[in-house]
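Owing to the predicted nature of the structure, the values given are computational and were not obtained by experimental measurement. Letters A, B, ... are given to chains in the order of the sequence lines, protein chains preceding strands, and every chain is numbered from 1.
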Protein chains: 2
Amino acid sequence: MPGAQLPVSSYAVLGLLSQSEASGYELAQQVDGAIANFWPMSKSNIYGELVRLEELAFVSGSEVAQEKLPTKRVFRLTSAGAAALDEWLREPTFRKERRKNSLLVKMLFGDRLSAEEVSRLVDAAGVEAEAERARLATIVTMLESVPSAYFARSTALFGLRHAEATLAWAAEMRRDAAARARTRSSSLN
Amino acid sequence: MPGAQLPVSSYAVLGLLSQSEASGYELAQQVDGAIANFWPMSKSNIYGELVRLEELAFVSGSEVAQEKLPTKRVFRLTSAGAAALDEWLREPTFRKERRKNSLLVKMLFGDRLSAEEVSRLVDAAGVEAEAERARLATIVTMLESVPSAYFARSTALFGLRHAEATLAWAAEMRRDAAARARTRSSSLN
DNA sequence: TTTGACATGTAAGCCGTTACATGATTTA
DNA sequence: TAAATCATGTAACGGCTTACATGTCAAA
């Protein structure tokens, strides 16, 4: 009876709690810092997961009073939670995530647009990808010198390579569009 | 009053209907053929969209009786539907799709795994990416010779470049893991 | 004095999935 | 005779989002 399958968000929370105990509020901050790049979670989502995980006894929360600040509930991973996390981490069979990409939906129906409008879409995607590329390149370089951030760096590197792929694609699209414009205008003459 | 924002799935259906009228059943088949790579939709999803789009008068359905086959409802795009589609297609501001990737969640917590277990994850991702690469490379090449499939090819090319990016990343991870194993064993001596 | 950080949650609702339900016809 | 294709949908539910609700304290 291997653990009931939980949403990935559950394991993301378990993973964070495996590094250090935290309140829901603190988890939300941590998510924005690291995981959000490839697994965004809203505040409500996190609080909801904590309820679920506590019912499963995968985490246990205890109130911690603070001076001059509201009392918070700090959660820590239980051994059952750690076992569930590790089991999931080892599964190489990540259910195939269908990557949804509305840019490609637009591209597919590019026939309905003018060449200029298509270019605008491609350029916008390129600009976005370049920003992402620069952002991730910085992070990857920074983490290079931090041995303990080996795995964090690897996730950023994945994003970097994919941003580069998008840029390469955009460049190819621009070249193709130019070539297309030539053959089309010549066939019109 | 630019159109109320509909889910991307609505526009995907409108896009397909802009190419030819079709029944829900036929749309489901078309989705599996092309769009599913970057915007999968279930049968129920499609039927649901058709209900919504018909209420909005973006499509209109009419029953078509068939010999020896069940009657079907064939939908065609209305001019209002075409306008809504084109407006959406032109928007270069695709709301940022959070690309969710559970592999990266696992990688981020790679510290909890042994080097072998991490390798297994990376290898599995590599195998999957290679299959995807090969599949898409074939499609891109095939569509190369079909001028009318220009945009379909461009979507496949995007997927191809991203599969290559994943492969490149996996290769880097393997190299890093090897280097890491060396420095770690030497520091243990 | 108002804004922002700290802190926790509920409510409503959308998008989408899987499973279920039905029924004729064709093919193996 | 069983399975697949054609054809349309409903039901139930899961995951997640946004907006709402509340309240203290520190800083600008």
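- Checking C:dG16, D:dT8, D:dT17 against every side-chain atom of B:Arg73, the shortest atom distance belongs to D:dT8.
- Taking the side chain of B:Ser9 as heavy atoms from C-beta on, and the options D:dC16, D:dC6, C:dG16, the nearest nucleotide is C:dG16.
- Closest to the A:Asn45 side chain, of the nucleotides D:dT17, C:dG16, D:dG15, is D:dT17.
- Side chain of A:Trp88 to main chain of B:Lys106: no donor-acceptor pair is present (N/O by atom type, distance under 3.5 Å, no hydrogens or angles).
- In this structure a side-chain-to-backbone donor-acceptor pair under 3.5 Å is missing from B:Lys72 to B:Ala22.
- Of the possible donor and acceptor atoms, one in the side chain of B:Thr78 sits under 3.5 Å from a partner among the backbone N and O of B:Ala57.
- In this entry the distance linking CD1 of B:Ile46 with P of C:dT17 reads 9 Å, nearest Å.
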- Message: For B:Thr166 and A:Arg161: C-alpha separation, side-chain torsions, deciding distance, then whether side-chain hydrogen bond (donor to acceptor under 3.5 Å, both in side chains) applies.
- Response: CA-CA 7 Å; B:Thr166 300; A:Arg161 293 288 170 256; over 6 Å; no
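- Remark: side-chain polar atoms of B:Ser102 are not paired, donor with acceptor, to backbone N or O of B:Val105 under 3.5 angstrom.
- Distance from the side chain of A:Glu26 is smallest for C:dA7 among the nucleotides D:dT18, C:dA7, C:dT17.
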Mind listing the N/O atom pairs, protein and nucleotides 10-13 of chain C, below 3.5 Å?
| from | atom 1 | to | atom 2 | distance (Å) |
| --- | --- | --- | --- | --- |
| C:dT10 | O4 | A:Ser44 | OG | 3.0 |

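- In this structure, B:Phe75 and B:Lys100 both approach DNA chain D, and ranking their closest nucleotides by distance from the 5' end singles out B:Phe75.
- Atom P of nucleotide C:dT25 and atom NZ of B:Lys72 are separated by 16 Å, given to the nearest angstrom.
- Using modelled atom types and a 3.5 Å distance limit, the side chains of A:Ser60 and A:Arg76 yield a donor-acceptor pair.
- The nearest whole Å value for the distance from the CD atom in A:Gln29 to the C1' atom in C:dA7 is 10 Å.
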